[in-house]
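Before any comments, here is the structure.
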Protein chains: 2
Amino acid sequence: MVRAGLTRERLIRAGAELADEVGFAEVTVSALARRFEVKVASLYSHVKSSHDLKTGIALFALAELADRGSAALAGRAGKDALAALANVYRDYATEHPGRYAAAQLRLDPATAAASAGGRHAQMTRAILRGYDLTEPDQTHAVRLLGSVFHGYVSLELGGGFSHSAPDTGETWSRIVDALDALLRNWPAP
Amino acid sequence: MVRAGLTRERLIRAGAELADEVGFAEVTVSALARRFEVKVASLYSHVKSSHDLKTGIALFALAELADRGSAALAGRAGKDALAALANVYRDYATEHPGRYAAAQLRLDPATAAASAGGRHAQMTRAILRGYDLTEPDQTHAVRLLGSVFHGYVSLELGGGFSHSAPDTGETWSRIVDALDALLRNWPAP
DNA sequence: GCATTTGCCTAAGGGGTATAGGCAAATGCA
DNA sequence: TGCATTTGCCTATACCCCTTAGGCAAATGC
């Protein structure tokens with residue numbers, strides 16, 4: 001019988017594509033086996049479990065998103081950098097909703113530490129170098145930016161803003177304006 | 001045989017409690033049946049499906065959260081109101097993580113329209129009456145506040161801010177300060 | 001007190017997860 | 001090139017969750 005050439009990496013990539021098509025929650029070992037025209041049990045030599053598969057997809061998405069962020073940030077500073085990173089998150093979520101959802105998977109501390117999660121925090125910190133913030137305000141601002149990016153994108157993706165004017169792209173760019181103004185004029189405690 | 005006295009409402013309440021204990025994703029018709037010491041099939045006279053049960057829990061949580069918001073907002077305005085509503089969301093998520101997760105369930109448009117979702121948007125709009133914003137900036141601001149509240153709370157709950165100083169309560173109150181400053185000084189387009 | 005309704009039950013089928021053990025294809029080495 | 005070993009995918013099996021159909025007994029209504 002001809003072998004399918006399964007690999008942990010191929011399974012994770014295919015899982016990411018499947019997530020974008022049907023949603024991350026619907027990514028299942030069985031569905032993936034069907035996609036490769038292979039029996040379910042065959043996948044268990046390559047991934048430890050369904051959870052392991054999903055974790056793999058999450059790490060993949062986190063890294064891919066961090067790569068896009070780094071690329072967008074190169075050569076930019078200040079508001080320009082802020083808008084660029086903001087758009088990376090929003091565009092990624094639009095193009096790859098399943099992967100974006102995967103990136104939100106709760107990871108156990110050890111896995112999280114080894115993930116690209118730290119790169120994301122570093123990118124936000126890099127943007128803040130264009131503004132005049134010192135600790136602990138810088139950390140507060142990192143958390144605020146993370147919250148806005150994640151919150152907005154997930155509400156928009158979840159349909160929370162649908163069917164209402166003005167359009168969400170307009171709001172997004174005004175929010176970036178507002179964040180820029182806030183960072184330039186961060187209130188004293 | 002003694003009847004258990006099942007009711008749609010009792011099932012949804014118990015489902016909400018179960019969600020807080022084991023996580024919303026682990027709320028299952030089977031688990032609920034075990035909790036009532038009843039056979040699984042018995043629940044299907046009260047809820048249409050597993051999805052219907054989860055939707056019920058989501059609507060319950062959305063309404064409960066809106067009630068808390070209304071109560072907190074009564075008699076407050078300006079930054080005081082802003083901080084009060086912000087804390088309602090954060091405290092609810094801390095006390096009832098499963099219900100908070102349930103409130104994030106994506107609802108179909110008809111169900112969403114009949115939910116307490118609209119009350120949430122109205123509460124945020126009410127806060128903005130204490131600031132000097134006109135449309136469309138008011139809508140942009142509503143979306144920003146929603147994004148920050150939801151984003152911060154879900155990142156904090158997901159462990160995104162863990163193991164790092166300063167503590168998250170401190171950041172939260174500084175973020176409320178920052179939002180207040182931003183709303184008082186919203187940038188022109 | 002009896003008929004009707006209601007509530008929970010048993011039975012059964014379908015899909016996902018996971019493990020054990022088997023056979024054949026690929027690989028490595030003389 | 002031929003044989004032994006390793007590797008990859010398979011069948012079989014068991015368990016859990018979801019869902020529907022149909023049955024019997026408790027509660028309700030007249």
Side-chain angles (χ1 to χ4, degrees), chain A residues 1-60 98-99 101-102 104-108 111, chain B residues 1-60 98-99 101-102 104-108 111:
Chain A
M1 124 226 353
V2 168
R3 296 193 178 181
L6 301 181
T7 282
R8 181 178 172 83
E9 280 63 42
R10 285 191 68 196
L11 290 178
I12 287 173
R13 281 206 83 92
E17 285 159 22
L18 184 60
D20 287 336
E21 291 165 27
V22 304
F24 184 58
E26 275 61 51
V27 171
T28 186
V29 179
S30 299
L32 214 46
R34 279 192 292 275
R35 176 156 295 213
F36 281 95
E37 294 182 301
V38 135
K39 298 297 173 183
V40 181
S42 307
L43 301 205
Y44 283 86
S45 331
H46 304 280
V47 294
K48 283 197 267 300
S49 65
S50 177
H51 180 257
D52 177 47
L53 169 66
K54 290 185 172 178
T55 300
I57 298 172
L59 294 176
F60 172 77
R99 298 181 199 196
Q104 255 54 66
L105 183 70
R106 214 201 196 301
L107 302 172
D108 65 278
T111 309
Chain B
M1 120 227 352
V2 169
R3 294 192 179 182
L6 302 182
T7 281
R8 181 180 172 83
E9 281 62 42
R10 286 190 68 196
L11 290 177
I12 286 172
R13 280 206 84 93
E17 285 159 23
L18 183 59
D20 287 336
E21 291 164 27
V22 303
F24 184 58
E26 275 63 50
V27 171
T28 188
V29 180
S30 300
L32 214 45
R34 277 192 293 273
R35 175 157 297 213
F36 281 94
E37 291 181 306
V38 132
K39 298 296 174 182
V40 182
S42 307
L43 301 204
Y44 282 86
S45 330
H46 304 282
V47 295
K48 283 197 267 302
S49 63
S50 175
H51 180 254
D52 177 48
L53 168 67
K54 290 186 173 179
T55 300
I57 298 172
L59 294 176
F60 172 78
R99 299 181 199 197
Q104 255 53 67
L105 183 68
R106 214 201 195 299
L107 302 172
D108 66 277
T111 309

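Note on naming: letters A, B, ... go to the chains in the order of the sequence lines (proteins, then strands), and numbering restarts at 1 for each one. Quantities reported herein were computed from a predicted structural model and do not represent experimental measurements.
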Rounded to whole Å, NZ of A:Lys54 lies from P of C:dA18 at a distance of 10 Å
note: B:His46, atom NE2; C:dT6, atom C1'; distance rounded to Å ~ 9 Å
Side-chain contact check for B:Ala41: nearest option of C:dC9, C:dA20, C:dC8 is C:dC9
Closest of D:dC10, C:dT17, C:dC8 to the A:Val40 side chain is C:dT17
Considering only heavy side-chain atoms of B:Ser30, the closest of D:dC18, C:dT17, D:dC9 is D:dC18
TODO: Determine the contact category for A:Leu43: base if any of its heavy atoms lies under 4.0 Å from a base atom, sugar-phosphate if only primed atoms, P, OP1 or OP2 are that close, otherwise nothing.
DONE: nothing
Check your understanding: When you measure from the side chain of B:Thr28 to the backbone N and O of B:Ala31, does any donor-acceptor pair fall under 3.5 Å?
Key -> no
note: B:Lys39, atom NZ; D:dC17, atom P; distance rounded to Å ~ 13 Å
Quiz item: Any side-chain N or O of B:Thr28 less than 4.0 Å from the OP1 or OP2 oxygen of D:dC16?
Solution: no
Between NE2 of B:His51 and C1' of D:dT20 the distance, given in whole Å, is 19 Å
When rounded to the nearest 0.5 Å, the distance separating OG of A:Ser42 from CG of A:Leu11 is 10.0 Å
Rounded to whole Å, OH of A:Tyr44 lies from P of C:dA18 at a distance of 4 Å
| task | Kindly say if B:Arg34 contacts the phosphate of D:dC17, meaning a side-chain N or O under 4.0 Å from OP1 or OP2. | result | yes
Separation of C:dT17 atom P from A:Leu53 atom CG, nearest Å, is 9 Å
On DNA chain C, more 5' by nearest nucleotide between B:Ser42 and A:Val27 is B:Ser42
side-chain contact (heavy atoms from CB on, under 4.5 Å) evaluation trace for A:His46 with A:Glu9: CA-CA 9 Å; A:His46 304 280; A:Glu9 280 63 42; over 6 Å; no
*asked:* Is the phosphate of C:dG7 approached by B:Ser45 (side-chain N or O, under 4.0 Å from OP1 or OP2)?
replied: no
To the nearest angstrom, the CG-C1' distance between A:Leu6 and D:dC10 comes to 12 Å
Taken to the nearest whole Å, NZ/B:Lys48 to C1'/D:dT20 is 16 Å
D:dC30 -> Watson-Crick or G-U wobble partner, both distances under 3.5 Å, gives C:dG1
Note: A:Lys54 and A:Val27 closest approach over all heavy atoms is CE-O, 3.2 Å
The nucleotide from D:dC9, C:dC8, C:dT17 with an atom nearest the side chain of A:Val38 is D:dC9
Re D:dG8: Watson-Crick or G-U wobble partner, both distances kept under 3.5 Å, found to be C:dC23
A:Ser49 has its side chain closest, among C:dA18, D:dC9, C:dT17, to C:dA18
Inset, instruction - Could you tell me whether a side-chain N or O of A:Thr7 sits under 3.5 Å from a main-chain N or O of A:Arg10, the two making a donor and an acceptor? - result: no
